[in-house]
Amino acid sequence: DAGITQSPRYKITETGRQVTLMCHQTWSHSYMFWYRQDLGHGLRLIYYSAAADITDKGEVPDGYVVSRSKTENFPLTLESATRSQTSVYFCASSELAGLYNEQFFGPGTRLTVL
Amino acid sequence: AQSVTQLDSQVPVFEEAPVELRCNYSSSVSVYLFWYVQYPNQGLQLLLKYLSGSTLVKGINGFEAEFNKSQTSFHLRKPSVHISDTAEYFCAANQAGTALIFGKGTTLSVSS
């Protein structure tokens, strides 16, 4: 299917476990982003990527790792999950022209860390 | 540092009434502005955007927004809302070469 997909949609894990959230887009957009959404904070940028093998930190990168070996995939890994990482995670992508273009969002992953 | 402030966290309104969702941004240079909508259990989708040109921007679903540089505002309006407009609305801004900064969101609740 065309568009941007995230998996899993829901995940429950325990403190200290490693968790990887997947993001896949079919548009060949250069830019991809990871946000977390928390009540009272809106959306905050975790990491973004301008192209394959190019990533950069956002506002709240601590505790997260990203990679981008292929243009269409941008996985987000929580190396040792903590309760404070319980959140809804959104992946987004945008066209080659840059960050001021429209970002297209995935449906989100609701992560609960017990 | 650039910031986006949505002045109302919740806006309750009756069906067919007009609504305005307020957004202010702080920036000393040219800025690009966006409004996104998030329906329950869904991702965000773009309502409208201001990049340059006319200060009145029309978007989808009958929404419009006006860019006011002197007041650093980008308020979202709709003359007559529907039940289906119930959602979370996010104002966002960025300068060329930086990532989007989102406001904390405004919950629009439309009742009959």
Side-chain angles (χ1 to χ4, degrees), chain A residues 1 3-10 21 23-25 27 29-50 54-61 66 74 87-110, chain B residues 1-10 21-25 27 29-53 57 59-60 63 65 67 74 87-108:
Chain A
D1 292 336
I4 184 165
T5 56
Q6 294 182 235
S7 62
R9 293 292 314 278
Y10 302 90
L21 309 184
C23 179
H24 175 78
Q25 52 105 355
W27 295 303
H29 285 170
S30 281
Y31 287 87
M32 295 188 75
F33 311 84
W34 275 106
Y35 295 90
R36 59 178 291 173
Q37 183 179 26
D38 303 288
L39 197 64
H41 291 279
L43 277 82
R44 292 180 291 177
L45 182 67
I46 304 171
Y47 270 96
Y48 68 101
S49 169
I54 300 175
T55 62
D56 207 348
K57 296 178 179 179
E59 181 185 355
V60 289
V66 294
F74 191 38
S87 185
V88 181
Y89 291 85
F90 288 99
C91 179
S93 70
S94 66
E95 293 178 358
L96 179 63
L99 296 168
Y100 48 84
N101 273 1
E102 175 182 359
Q103 291 187 19
F104 295 85
F105 283 78
T109 294
R110 184 174 295 275
Chain B
Q2 185 173 319
S3 66
V4 174
T5 302
Q6 291 184 241
L7 298 166
D8 307 292
S9 59
Q10 296 188 19
L21 307 183
R22 298 180 294 166
C23 174
N24 286 101
Y25 66 93
S27 176
V29 297
S30 297
V31 65
Y32 306 103
L33 297 161
F34 305 80
W35 275 100
Y36 283 83
V37 60
Q38 183 183 28
Y39 298 105
N41 298 315
Q42 295 185 26
L44 280 70
Q45 57 181 279
L46 184 69
L47 267 181
L48 49 79
K49 62 184 177 183
Y50 172 79
L51 302 181
S52 65
V57 181
I60 62 172
F63 283 93
F67 171 65
F74 191 54
E88 187 85 10
Y89 292 80
F90 292 95
C91 182
N94 72 355
Q95 301 166 235
T98 67
L100 277 177
I101 304 296
F102 284 86
K104 294 184 178 181
T106 297
T107 301
L108 176 63

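Proteins get letters first, then strands, A, B, ... in listed order; numbering begins at 1 in each. Bear in mind the structure is a predicted one, so any value in this text is a computation, not a measurement.
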With a 4.5 angstrom heavy-atom cut-off, which part of [X] approaches chain B: side chain, backbone, both or neither?
X	result
Gln37(A)	side chain
Leu45(A)	side chain
Arg9(A)	side chain

_Results of side chain to side chain donor-acceptor pair (under 3.5 Å) for Glu88(B) - residues two or more places apart only_ =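 By the side chain to side chain donor-acceptor pair (under 3.5 Å) rule, Glu88(B) matches Thr107(B).
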
For the atom pair [atom1] ([X]) and [atom2] ([Y]), what is the distance rounded to the nearest 0.5 Å?
X	Y	atom1	atom2	value
Leu48(B)	Glu102(A)	CG	CD	10.5 Å
Leu44(B)	Phe104(A)	CG	CZ	12.5 Å
Ser94(A)	Leu100(B)	OG	CG	8.0 Å
Phe105(A)	Gln38(B)	CZ	CD	9.0 Å

*Can you tell me if CZ on Arg110(A) sees more than 12 non-hydrogen neighbours from other groups inside 6.0 Å?*
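Counting neighbours around CZ of Arg110(A), 12 or fewer heavy atoms of other residues, nucleotides or ligands fall under 6.0 Å, so no.
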
_Is it the case that atom CG in Leu39(A) sees more than 12 heavy atoms from other parts of the structure closer than 6.0 Å?_
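Atom CG in Leu39(A) is not crowded, with 12 or fewer foreign heavy atoms closer than 6.0 Å.
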
*What is the minimum heavy-atom distance between Leu43(A) and Phe102(B), and which atoms define it?*
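The answer is O-CB, 3.8 Å.
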
*Residue pair Tyr36(B) / Gln103(A), side-chain heavy-atom distance below 4.5 Å*: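 Yes, close enough: below the 4.5 Å cut-off.
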
_Partners meeting salt bridge (Lys or Arg N to Asp or Glu O under 4.0 Å) with Asp56(A) (sequence neighbours left out)_ =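 With neighbours one apart ignored, the set is empty.
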
